[in-house]
Amino acid sequence: MEIQVEMATTVTRTESLIDKGIGSGPGSRPGNGFHRNGGGKNDADPARLYAARYRMGMWVAVAGVVMLFTALTSAYIVRAASSNDWRPIGMPGVLWLSTLVIVISSLTLESARRSLKEKRDGVYGRWVLITTVLGVAFLVSQLAAWRQLVRQGVYLSTNPHSSFFYLLTAAHGVHLLGGILALGFLLLRTRQRRDSVSAESRRVGAVDAVSIYWHFMDGLWVYLFLLLFFWK
């Protein structure tokens with residue numbers, strides 16, 4: 001008899017809790033204790049999905065570039081260690097300037113990314129433009145370094161070190177040019193209206209992806225600079 005009373009009491013309390021909508025919140029429904037989390041962890045966040053998609057694609061592209069320069073670095077080190085005709089070339093002074101320029105460009109692009117997420121479109125556009133100008137300035141300074149070497153009589157076929165210098169800097173320059181084109185794409189979209197969550201998510205995701213690539217190219221140049229002129 002006591003067991004029946006206790007069971008009846010338990011059932012009554014459960015029904016009372018269900019009527020009150022336990023776990024009420026976004027997406028909860030009266031009379032259902034197990035609600036769906038509308039907008040919770042189980043729902044897909046469009047902004048995160050778009051950002052993750054763009055970032056994943058960019059990391060795949062970066063992985064391909066890493067493989068290329070890893071192979072070139074291996075060839076460089078083996079050739080330097082096993083060759084009697086290796087003659088280090090003098091470093092063009094303009095390369096110090098180009099290194100400073102590309103490092104600063106990473107800072108300006110990060111400022112652009114932060115401004116976009118803070119919804120300061122005008123500031124964002126200016127930072128992207130500045131980053132693009134710095135990228136072009138870097139390529140111009142690289143061409144100036146080549147001209148300095150040519151005036152010194154150092155050409156592609158002068159010796160193995162000069163060959164690798166032209167090859168590595170040219171490969172990096174071509175990939176950086178791709179980054180400049182991506183920045184140009186961002187510039188074209190600076191006037192795009194924030195008319196939907198989807199458009200905004202794509203915009204933020206694109207900036208994140210370009211930032212990953214640009215920061216990588218920045219770090220890659222610093223690595224090549226140290227390898228070409230300070231590695232023994």
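For reference, positions follow the sequence shown, starting with 1.
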> Could you name each residue pair satisfying side chain to side chain donor-acceptor pair (under 3.5 Å) that touches residues 124-139, not counting sequence neighbours?
T108-T131

> Considering only heavy atoms from C-beta outward, does the side chain of H172 approach that of I102 to under 4.5 Å?
yes

> F138 vs W221 aromatic rings, parallel, tilted or perpendicular, using cut-offs 30° and 60°?
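F138 vs W221 ring planes: perpendicular.
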
> So which heavy atom on A144 is nearest to which on V94, and how close?
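Shortest heavy-atom separation between A144 and V94 comes out as C-CG1, 4.2 Å.
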
> Output, in order, the C-alpha distance, side-chain angles, deciding distance and verdict of ring pair (Phe, Tyr, Trp, His ring centres under 6.0 Å) for Y223 and F69.
CA-CA 10 Å; Y223 162 76; F69 280 92; 8.3 Å; no

> Mind checking salt bridge (Lys or Arg N to Asp or Glu O under 4.0 Å) for D208 and listing every partner two or more places apart, or none if nothing turns up?
R55, R113, K117

> Determine whether F229 and F165 satisfy the following criterion, ring pair (Phe, Tyr, Trp, His ring centres under 6.0 Å), listing intermediate values before the conclusion.
CA-CA 10 Å; F229 297 106; F165 171 80; 5.8 Å; yes

> I need the minimum non-hydrogen distance between G90 and L149, along with the two atoms involved.
O-CD2, 3.7 Å

> If you look only at pairs with a residue in residues 159-174, which of them pass as a salt bridge (Lys or Arg N to Asp or Glu O under 4.0 Å), with sequence neighbours excluded?
none

> For the ring pair W86 and Y76, is the centre-to-centre distance below 6.0 Å?
yes

> Apply side chain to side chain contact (heavy atoms under 4.5 Å, CB included) to L186 and R189, showing your working.
CA-CA 5 Å; L186 295 182; R189 299 183 64 183; 5.5 Å; no

> Just by modelled atom types, is the D218 backbone N or O under 3.5 Å from a matching donor or acceptor in the S106 side chain?
no

